[in-house]
There are 2 protein chains.
Amino acid sequence: MVESRIDSRKKKLGSKRAPVQERSRQRRDEILAATANLLDRVGFDGLTTTLVAKELGISVGSLYHYFPHKQAILHALGERWLEEYNAALAKLEEATRDNTDIEKWAAAAVRYVGEVYEEQRGILPLVQAMYAVPELRDLDDRHDEQVVSQLVPMFDRMKIAKSNSERERIAWLWLEMTHALFVSISEQDGARAKRSREDLKDLCFRLLEKWSV
Amino acid sequence: MVESRIDSRKKKLGSKRAPVQERSRQRRDEILAATANLLDRVGFDGLTTTLVAKELGISVGSLYHYFPHKQAILHALGERWLEEYNAALAKLEEATRDNTDIEKWAAAAVRYVGEVYEEQRGILPLVQAMYAVPELRDLDDRHDEQVVSQLVPMFDRMKIAKSNSERERIAWLWLEMTHALFVSISEQDGARAKRSREDLKDLCFRLLEKWSV
DNA sequence: ACCTGAACACCGTTCAAGT
DNA sequence: ACCTGAACACCGTTCAAGT
């Protein structure tokens, strides 16, 4: 709710400030990309600030110019995960807006959300850690919240459950269930992953069908 | 003050060895108990060897007399989790031996396995880490294997699926699904947890019913 | 203004020295 | 035989000093 304090000076300093901010934003992105890259290669525990700095050819101190601490880098990466996930749900909402077929919804949901898990496969160690590491725990909570609030209206449209509190509970179930399976699926080979994804779609369908009214 | 309780030459039967081993085993258990206790209080990341040593009133070096490294303590604790889980499945097998009712099986499974999650609630941070930490990963793999091999015969008896490879796949699905939900449930308050457990029972039933032949 | 890297506190682990 | 705790390598983080 805080109005930007920079707005008043934007006209005057805009041209001078933008490049600096742009460069800064770019560096931040570079750090995030390098971290995501290393996360995939050395794992959550193997990740060190020295390693990230070396990967970018800068000093550790420089890293701390852009992020207050290591967790902040991981946190920003987690934010990105939330955004991608939310974008997938928005696409799902869009794609299933004018049908109430539960089975089709389940298929679309598994496809769209599954794509996120595939594309972000490298940072899954981080996503898993979100639950366990206290400093990242808020991401997990927000993720839950956001997903539930996006699913409830869709469930409503599909006439699933008779109250919103029930829909919230089912949305949570759906989230936990699909998350556990997508993470496992991300480590399976192509053929098995394909079958597992079909199983999951089916499981989603059955879950929702049960509460269909 | 020196007592001649040290027998330099051991007898054939080794009857004198037992007390020493017994004492050693006891210390190991104490270390495990203290670690489990701290895990619950300070979390997976907050756990340090110094802290464990302090908790027991011994030195760090002494810790390394009983375990080669920190991960070995956690590993041993993980082994215990596997044992408890397997014991629950054995009880489940025993309790459902002479019926083929899928719904009853689902109820019993959620009850017995759920008890393990409740009793071992303190070490759930560790169980979660088993997946992410490379040194503990073998526990996760063995857990998967053991659970699947215990479930397949039960599925067979209940006439679920038409081949063992299918049963293995369903067992894996069951494991991932219930694990994700049990972990989440362990953090809910009593009333909500009760409802969630019923939802889970229902979900299990529907999962198995689908493949019932 | 931005970057550097030695310095600091703290971790897991070791091992010479005590009892 | 068993235990101790200073010492070591390495982590995240800081900050005086460079450009």
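Below, chains carry the letters A, B, ... as their sequence lines are ordered, and counting in each starts from 1.
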(message) Using a 3.5 Å distance criterion without hydrogens, assess whether the side chain of B:R167 forms a donor-acceptor pair with backbone atoms of B:I160.
(response) yes
(request) Look at the side-chain N and O atoms of A:T49 and state whether any lies under 4.0 Å from the OP1 or OP2 oxygen of D:dG12. (result) yes
(message) Measure CG/A:L47 against P/C:dC11 and give the value in whole Å, please.
(response) 20 Å
(request) Using Watson-Crick or G-U wobble geometry with both distances below 3.5 Å, tell me the partner of D:dC8, or none. (result) C:dG12
(message) I'd like to know if A:R80 pairs up with A:D29 as an ion pair, taking the criterion as any Lys NZ or Arg NE/NH1/NH2 lying under 4.0 Å from an Asp or Glu carboxylate oxygen.
(response) yes
(message) Can you see whether A:H179 engages B:E176 through a side-chain donor-acceptor pair at a distance of less than 3.5 angstrom?
(response) no
(request) Calculate the interatomic distance between A:K54 atom NZ and D:dC10 atom P; express it in whole Å. (result) 11 Å
(request) Describe the nucleic acid contact of B:L51 in one word from base, sugar-phosphate, nothing, applying a heavy-atom distance below 4.0 Å. (result) nothing
(message) Rounding to an integer number of Å, can you tell me how far B:L56 CG sits from D:dC3 P?
(response) 11 Å
(message) Looking only at the side chains, is there a donor atom on one of A:E118 and A:S186 sitting less than 3.5 Å from an acceptor on the other?
(response) no
(request) Using a 4.5 Å cut-off on heavy atoms from C-beta on, say whether the side chain of B:V60 contacts that of B:V52. (result) no
(request) From the options C:dG12, C:dG5, D:dG5, select the nucleotide whose nearest atom is closest to the side chain of B:T50. (result) C:dG12
(request) For D:dG18, give its Watson-Crick or G-U wobble partner with both distances under 3.5 Å, or none. (result) C:dC2
(message) I want to check one thing: is the phosphate of C:dC2, taken as OP1 and OP2, less than 4.0 Å away from some side-chain N or O of A:R27?
(response) no
(message) Counting only heavy atoms and a strict 4.0 angstrom limit, can you tell me which residues of residues 66-77 of chain A come near DNA chain D?
(response) A:P68, A:H69, A:K70
(request) For A:T48, report the nucleic acid contact type (base, sugar-phosphate, nothing); a contact means any heavy atom under 4.0 Å. (result) sugar-phosphate
(request) Look at A:S59 and C:dG5 and indicate whether a side-chain polar atom (N or O) is within less than 4.0 Å of OP1 or OP2. (result) no
(request) Write down the distance between CD1 (B:I58) and P (D:dA1), rounded to a whole number of angstrom. (result) 19 Å
(message) Would you say B:Y64 places a side-chain N or O within less than 4.0 Å of OP1 or OP2 belonging to C:dT14?
(response) no
(message) Using whole Å, what does the distance between atom P of nucleotide D:dG12 and atom NE2 of A:H65 come to?
(response) 20 Å
(message) Measure CG/B:L63 against P/D:dT4 and give the value in whole Å, please.
(response) 10 Å
(message) Does either side chain, that of A:H75 or that of A:D138, offer a donor lying less than 3.5 Å from an acceptor on the other one?
(response) yes
(message) Quick test of your reading of the model: are B:D199 and B:R195 salt-bridged, counting only N-O distances below 4.0 Å?
(response) no
